[in-house]
Asker: 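This is the structure I have questions about; it appears just below.
Order of listing sets the numbers, starting from 1, for every ligand and every atom in it. Worth saying up front: this structure is predicted, and the values here are computed from it rather than measured.
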Amino acid sequence: EKNGYDHFMLKEIFEQPQTIFDSLRGRMDAHKNQITLSGIDAIADKIMAARRIIIVACGTSWHSALVAEYVIEELCRINVEVEYASEFRYRNPIISSEDVIIAISQSGETADTLVALENAKEQGATIYGLVNVVGSSIARISNAGSYTHAGPEIGVASTKAYTAQLAVLQLIALKIAKLKGTIDDQKFTYFIQQLDAVPEKVQWILDNQVEEIQRIAKKYSDANDVLYLGRGYNFPTALEGALKLKEISYIHAEGYPAAEMKHGPIALVDETLPVIFVATKDSYHEKIVSNIQEIKARKGKIIAIVSEGDNRVEELADDIMVVPSCDEIIAPLLAAIPLQLLAYYIGVERGLDVDQPRNLAKSVTVE
Ligand code: M6R
C-alpha cells in the first residue's frame with residue numbers, strides 16, 4: 001500500500017497536492033467567492049460573541065495552532081490563545097461560556113487534548129474540533145467541527161495531516177473574517193485565489209526540489225545539532241521543521257523565532273552548526289536577512305528556504321531550497337514541504353526506520 005514509495009512518510013509527503021486539494025474542495029468556491037463550512041455556521045453566534053478563541057493541541061497539531069493564531073488575529077481581530085493540551089488541562093484555566101475552544105488533532109484520540117476539552121466543556125465553553133480521523137473521540141465530544149480530509153496517515157511523523165490542518169484553518173479564518181466583516185470582498189477573493197493555487201505550488205516543489213534536498217540531506221546528515229529559525233507566520237514552521245528532524249533522524253534540533261537567537265542560542269553557533277532559515281518573501285524579510293548575516297558572521301552554515309527568484313538570500317546561504325511565491329499568510333503551507341523532505345532524507349541517509357521512529361506511537365492515548 002505504499003504505492004511504490006519506500007516509506008509511508010514519503011508517500012504521504014507526495015500526496016499533499018491532492019490532500020490539500022481535498023481539504024479545500026467543496027468548501028471553497030473561487031468562482032462564487034464563498035466558503036462553506038457548516039461547522040462554523042453551526043456555532044456562528046458563539047463565535048461572533050466570543051471573548052477569545054483558545055486553541056488546544058499537542059505536537060505538530062500545536063504548531064498548526066500557532067499559525068492559526070497569527071492568521072485569525074490578523075484577519076478576524078479576535079484574541080487567540082494557543083495552549084499545550086497537557087498544560088491547559090492541569091493548570092485550572094479561566095474558562096467561560098464566552099470562550100470558543102478549537103481542538104486540533106490528527107487522530108482525534110490524544111488523551112491530553114481530549115481531557116482538556118472535557119474540562120472546558122464542563123465550564124461552558126463551545127468546542128470546535130478540527131480532526132482527521134472521522135468518528136474519533138475528539139470529533140464526538142465537539143459541539144461542531146470540520147474534518148481535515150487528509151486520508152489515513154500511517155507514518156508516525158505527521159506530514160499531510162499538518163498541511164491539511166493549515167488549509168482548513170485558513171478557511172476557518174477567512175470564513176470568520178467574512179462573518180465579522182473584518183475583511184473586504186477584494187481581500188477575501190484574493191485569499192481564495194491564493195489558497196486555490198496551493199496544491200499546484202506544492203506539486204512544483206515536489207517536481208523541482210527533491211534532488212537538491214537529497215543532496216543537502218547527505219551533506220548535513222552527520223550534524224549533531226541543527227537550529228531552525230523563522231519569523232511571523234513562519235515561526236511555527238521553524239518549530240515544525242525541528243520536530244520533524246528530531247523524530248525522524250534523532251538529531252537534536254531546536255526551532256526558535258529568529259530574533260530570539262540573540263537571547264541565547266547564538267552561543268551555539270560555530271562553523272559546525274547548520275542553521276536553517278525559513279526566509280520566504282514576507283513583511284519580515286529584511287529582518288530575517290539581518291539574522292542570516294548575523295549567523296554568517298559567526299561562521300554558521302546557512303540553509304535557507306527562499307521564495308523563487310530571491311537572489312539576495314541565495315548569495316548569503318550555503319544551500320537553498322526554493323518554494324513558489326505566495327502571500328505570507330499562505331507561506332507555512334509551502335515552507336513545510338522542503339522541511340518534511342529534508343527530515344525524511346536525513347533519516348534515510350542515517351539508515352533509520354522513518355515510518356516507526358523509536359519510542360514514538362502514532363497516537364498518544366495515555367498521558
Ligand atoms: O493526533 P494528534 O494530532 O492529536 O497528535 C498530536 C501529536 O502527538 C503529534 O502531532 C506528534 O507530535 C507527531 N508525532 C508529530 O509528527
Asker: Can you tell which of Q165, Q106, E69 makes a side-chain hydrogen bond (donor to acceptor under 3.5 Å, both in side chains) with S64?
Answerer: Q165
Asker: What are the two closest non-hydrogen atoms of V133 and S107, and how far apart are they?
Answerer: CB-O, 3.4 Å
Asker: How close does the nearest protein non-hydrogen atom get to atom 7 (C) of ligand 1, and which residue and atom is it?
Answerer: C58 O, 3.7 Å
Asker: Please say whether T60 places an N or O atom under 3.5 Å from an N or O atom belonging to ligand 1.
Answerer: yes
Asker: Is any side-chain heavy atom of E294 closer than 4.5 Å to one of N291?
Answerer: yes
Asker: For the pair D353 (side chain) and Q356 (backbone), establish whether a donor and an acceptor sit closer than 3.5 Å, ignoring hydrogens and angles.
Answerer: yes
Asker: Would V156 count as being in polar contact with ligand 1, using the rule that some N or O on each side must be under 3.5 angstrom apart?
Answerer: yes
Asker: Pull out every atom of ligand 1 sitting under 4.0 Å from any heavy atom of S61, numbered as shown with elements.
Answerer: 2 (P), 3 (O), 10 (O)
Asker: Does a side-chain N-to-carboxylate-O contact under 4.0 Å join K160 and E153?
Answerer: no
Asker: Looking only at heavy atoms of T113, does any of them come nearer than 4.0 Å to an atom of ligand 1?
Answerer: no
Asker: Please answer whether the main-chain N or O of G135 pairs with a side-chain N or O of R140 as donor and acceptor at a distance below 3.5 Å.
Answerer: yes
Asker: Side chain, backbone, both or neither: which applies to T110 and ligand 1 if a contact is any heavy-atom pair less than 4.0 Å apart?
Answerer: side chain
Asker: For Q106, take its heavy atoms, then give the atoms of ligand 1 lying under 4.0 Å from any of them.
Answerer: 1 (O), 2 (P), 3 (O), 4 (O)
Asker: Between T113 (side chain) and E109 (backbone), is there a donor-acceptor pair under 3.5 Å?
Answerer: no
Asker: Quick check: does S107 get an N/O under 3.5 Å from an N/O on ligand 1?
Answerer: yes
Asker: Strictly under 4.0 Å, does any heavy atom of S363 approach an atom of ligand 1?
Answerer: no
Asker: Using modelled atom types only, decide if a donor and an acceptor are shared between the side chain of K201 and the backbone of S325 within a distance under 3.5 Å.
Answerer: yes
Asker: Check each atom of ligand 1 against the heavy atoms of A157 and keep those under 4.0 Å away; list them by number with element.
Answerer: 16 (O)
Asker: Identify, by atom number and element, the atoms of ligand 1 in contact range of S105, meaning under 4.0 Å from any of its heavy atoms.
Answerer: 1 (O), 2 (P), 3 (O), 4 (O)
Asker: Classify the contact between K244 and ligand 1 as side chain, backbone, both or neither, using a heavy-atom distance cut-off of under 4.0 Å.
Answerer: side chain
Asker: Please verify the inter-ring angle class for Y284 with Y233; under 30° counts as parallel, over 60° as perpendicular, anything in between as tilted.
Answerer: perpendicular
Asker: So if I count the atoms of ligand 1 from 1 in the order they appear, which ones are less than 4.0 Å from some heavy atom of S158?
Answerer: 15 (C), 16 (O)
Asker: So which bit of E247 gets within less than 4.0 Å of ligand 1, heavy atoms only: side chain, backbone, both or neither?
Answerer: side chain
Asker: Got the closest protein heavy atom to atom 8 (O) of ligand 1, with its distance?
Answerer: V364 CG2, 4.0 Å
Asker: For I13, does its backbone N or O pair with a side-chain atom of Y344 as donor and acceptor, under 3.5 Å?
Answerer: no
